[in-house]
J.: 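Quick one: structure below, then a few questions.
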Amino acid sequence: MRVKLIKQPLDTIGADITITFTTAEMLTHHPVADLLHSAGFKGEQDQTCMLHERKVLVCGVENFEADNFRSAAAAAVKVLENTAYTSAKIAQHGTENIQGLVEGLLLGSYRYNSYKSEPKEHPTEEVLLSIDNYDSTALDESVVESLFNSAVIIADATNFTRDLVNTTPDDMTPQQLSIVADELATSHEHLECTILDEHALEEEKMDAMLSVGRASDHKPRLIHLSYKPENPKHVITLVGKGLTYDSGGLSLKPATSMVTMKMDKAGACAVLGMLKAVSELNLPVEVHGFLGAAENMVSGNAYKPDDVLTARNGKTIEVRNTDAEGRLVLADVLCYAQDNVKADYIFDFATLTGACMVALGPYTTGVMGHNNRLKHEIFQSANESGELVGSLPFNRHLKKLIKSEIADICNIGSKPYGGAITAALFLDAFITDEMKEKWLHFDIAGPAYTESSWDCNPHGGTGAGVRLMLAWLRELTTK
Ligand code: BES
Ligand code: ZN
Ligand code: ZN
């Protein structure tokens, strides 16, 4: 499905069907109120009513907020999926709702069909968005145009991330992920890509990451994708967990928990999506993406519970569970990123713990770090972008749970509680004193992947983190 901005009034645009939005209050004055009433339509959020004879699809929104348009537009494209309408048209609903509308359409109509022998395409090939407002109030055309263009870039980047997450572990190996990053650099302005293979990783003393990937036939890769515009105002580092498969290793996952673990690369894929959008939006910020790509498998040379690994910064780690592998990979990648780029902020994205889902539910990203002001900015970006975030607090007592009797630190907590926080406190041990206040960790284990559709997320990878980080980066460029 394509979404196009048309510089014409809605009634002069030709399309098979018109999509309109209404609140419950507005319904009484609706031109076809009786018809809608008799169809049982009450104007509730995400409720839809298809009036085929009138060629109108009416969608309910609780009120005129961007979030509501995002999910109502997604509900509308779901309805259109079961029709034969090849085109639809929509009027603007205020400049503040453009992003929600465009995202609802492009993210809601996303389907991953790569492995279907007979892919079912969405019948609606294009949705035409008139530049005029639904109530004829004047909108600034250039503002509408620029908001529309960036919304399309961000939605496309989110779908790009989804595609990567949804690709099977055999097709998206660490090496393949490095090829994708390299291709992105070739096709995009100001993007450069450097890849460290297993030999380079050895030279760089990244033993923790190498140990995690050792049992796999697909050896680890560290991918450094950077965006360097002229005269950047800030330097940002983004780190992503890229476990192309997490079987748990020798601490093998139960069969049912292993299914979906192709999503364990979602942090790395989100960082790729962020860089794609940052380049297409031409943001005046230097952005460095560091992806730790590895596969956690079993074999005769697998790393073991009881092993002690030495990370890049010299800290020793007692392995007590090989399924807590993401933090081992991130330990080395965080050290490498801090050694190579002096950034104003460093953020990491990882499907790190099941415990984060227990704490916050499956839809919310867990945000952890020392800087409350920075976390507050992220909450605002979450509201702006429609992603859900929740803060999980550090404390010195939880920190004691990852002490080791025989090494500097242990890779799991000694108690089965607070697992998302103890994982973040483990990462904290690999953040330099200088960067402590400049670092945030995003545990996206919950929202990165879904087996049942919610909001504008169909089955599979959701692209969690992409919209959130872009909202924060765009806000940063206004300062
Ligand atoms: N990749 C998983 C975390 C995860 C679980 C992501 C479910 C998405 C859905 C991670 O590597 C892991 O296995 N973590 C363990 C940690 C435990 C061994 C301390 C977990 O959460 O069970
Ligand atoms: Zn694991
Ligand atoms: Zn994992």
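Indexing begins at 1, ligand by ligand and atom by atom, following the structure's order. The chain is numbered in sequence order, starting from 1.
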J.: Under 4.0 Å from any heavy atom of Thr351, which atoms of ligand 1 are there?
T.: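 Answer, ordered by atom number: 1 (N), 2 (C), 3 (C), 6 (C).
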J.: Should the pair Phe290 and Tyr336 be assigned to parallel (<30°), tilted (30 to 60°) or perpendicular (>60°) ring geometry?
T.: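 Phe290 vs Tyr336 ring planes: perpendicular.
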J.: Checking Lys276 against Phe160: charged group under 6.0 Å from the ring centre and within 45 degrees of the axis?
T.: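 Ring-cation test returns yes.
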J.: Between Asp339 and Arg312, does any side-chain N to carboxylate O distance fall below 4.0 Å?
T.: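 Salt bridge flag = yes for Arg312 with Asp339.
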J.: Distance under 4.0 Å to a non-hydrogen atom of Lys241: what atoms of ligand 1 satisfy this?
T.: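 So the answer, numbered in order with elements, is 1 (N), 10 (C), 11 (O).
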J.: Taking Lys116 first and then Glu118, would you say they form a salt bridge - that is, a charged N and a carboxylate O separated by under 4.0 Å?
T.: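 No, Lys116 and Glu118 are not salt-bridged.
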J.: Give the name of the N/O/S atom in Asp246 that lies closest to the Zn ion (ligand 2).
T.: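 The Asp246 atom nearest to the Zn ion (ligand 2), restricting to N, O or S, is OD2.
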J.: Nearest non-hydrogen contact with atom 11 (O) of ligand 1 belongs to which option: Glu325, Lys265, Arg320?
T.: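 Looking at heavy atoms only, the winner is Glu325.
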J.: Give the residue, atom name and distance (to 0.1 Å) of the protein heavy atom nearest atom 19 (C) of ligand 1.
T.: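 Looking at atom 19 (C) of ligand 1, the protein heavy atom closest to it is Ile412 CG2, 3.5 Å.
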J.: Could you tell me which atoms of ligand 1, counted from 1 in the order shown, lie closer than 4.0 angstrom to a heavy atom of Ala445?
T.: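 Once the distances to Ala445 are compared, the set is 6 (C), 8 (C).
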J.: Looking only at protein heavy atoms, which one is nearest to atom 2 (C) of ligand 1, and what is the separation?
T.: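 Checking every protein heavy atom, the shortest distance to atom 2 (C) of ligand 1 gives Asp246 OD2, 3.6 Å.
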J.: Please classify the Asp323 to ligand 1 contact at 4.0 Å (heavy-atom distances, strictly less than): side chain, backbone, both or neither.
T.: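 Both of them.
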J.: Quick check on contacts: which atoms of ligand 1 are under 4.0 angstrom from a heavy atom of Met263?
T.: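 Heavy-atom distances to Met263 below 4.0 Å select 8 (C), 9 (C).
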J.: What atom name does the N, O or S atom of Glu325 nearest to the Zn ion (ligand 2) carry?
T.: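 Relative to the Zn ion (ligand 2), the closest nitrogen, oxygen or sulfur of Glu325 carries the name OE1.
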J.: Decide, yes or no, whether a salt bridge links Lys436 with Asp428 under the criterion of side-chain N to carboxylate O below 4.0 Å.
T.: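 Judged by the 4.0 Å cut-off on N to carboxylate O distance, Lys436 and Asp428 do form a salt bridge.
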J.: Atom 9 (C) of ligand 1: which protein heavy atom is closest, and how many Å away?
T.: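 Of every protein heavy atom, Met357 CE, 3.3 Å lies nearest to atom 9 (C) of ligand 1.
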J.: May I ask you to list the atoms of ligand 1 that are less than 4.0 angstrom from any heavy atom of Leu352?
T.: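 It comes down to these atoms of ligand 1: 2 (C), 3 (C), 10 (C), 12 (C), 14 (N).
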J.: Identify the closest protein heavy atom to atom 16 (C) of ligand 1: which residue and atom is it, and at what distance?
T.: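 I find the closest protein heavy atom is Arg327 NH2, 3.9 Å.
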J.: Classify the ring geometry between Phe394 and Trp439 as parallel (under 30°), tilted (30 to 60°) or perpendicular (over 60°).
T.: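 It falls in the parallel class, under 30°.
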J.: Between Glu475 and Lys479, is the closest basic N to carboxylate O distance under 4.0 Å?
T.: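 Glu475 and Lys479: not salt-bridged.
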J.: Atom 1 (N) of ligand 1: which protein heavy atom is closest, and how many Å away?
T.: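 Here the nearest protein heavy atom works out to Asp264 OD1, 2.8 Å.
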J.: Measuring to the Zn ion (ligand 2), does Asp264 have an N/O/S atom at a distance below 2.8 Å?
T.: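 False for Asp264.
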J.: Applying a 4.0 Å heavy-atom criterion (strictly less than), which segment of Thr260 is in contact with ligand 1: side chain, backbone, both, or neither?
T.: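 For Thr260, no heavy atom sits under 4.0 Å from ligand 1.
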J.: Flag the pair Arg111 and Glu81 as a salt bridge only when some basic side-chain nitrogen lies within less than 4.0 angstrom of an acidic carboxylate oxygen.
T.: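 Salt bridge between Arg111 and Glu81, a charged N being under 4.0 Å from a carboxylate O: yes.
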J.: Check each atom of ligand 1 against the heavy atoms of Asn321 and keep those under 4.0 Å away; list them by number with element.
T.: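 Here the atoms of ligand 1 in question are 18 (C).
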J.: Quick one: nearest non-hydrogen protein atom to atom 21 (O) of ligand 1, plus distance?
T.: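 Minimum-distance protein heavy atom for atom 21 (O) of ligand 1 reads Gly354 N, 2.7 Å.
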J.: Less than 4.0 Å between a side-chain N and a carboxylate O, is that true for Asp455 and Arg70?
T.: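 Answer for the salt bridge query: no.
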J.: Tell me whether the rings of His224 and His288 are parallel (<30°), tilted (30 to 60°) or perpendicular (>60°).
T.: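 Taking His288 first and then His224, their aromatic rings sit tilted (interplane angle of 30° to 60°).
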J.: Does the pair Lys233/Glu286 count as a salt bridge with the N-to-O cut at 4.0 Å?
T.: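 Looking at Glu286 together with Lys233, the answer is no, because their closest N to O distance does not fall below 4.0 Å.
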J.: Would you say Ala350 reaches the Zn ion (ligand 3) with an N/O/S atom under 2.8 Å?
T.: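 So Ala350 does not bind the Zn ion (ligand 3) by this criterion.
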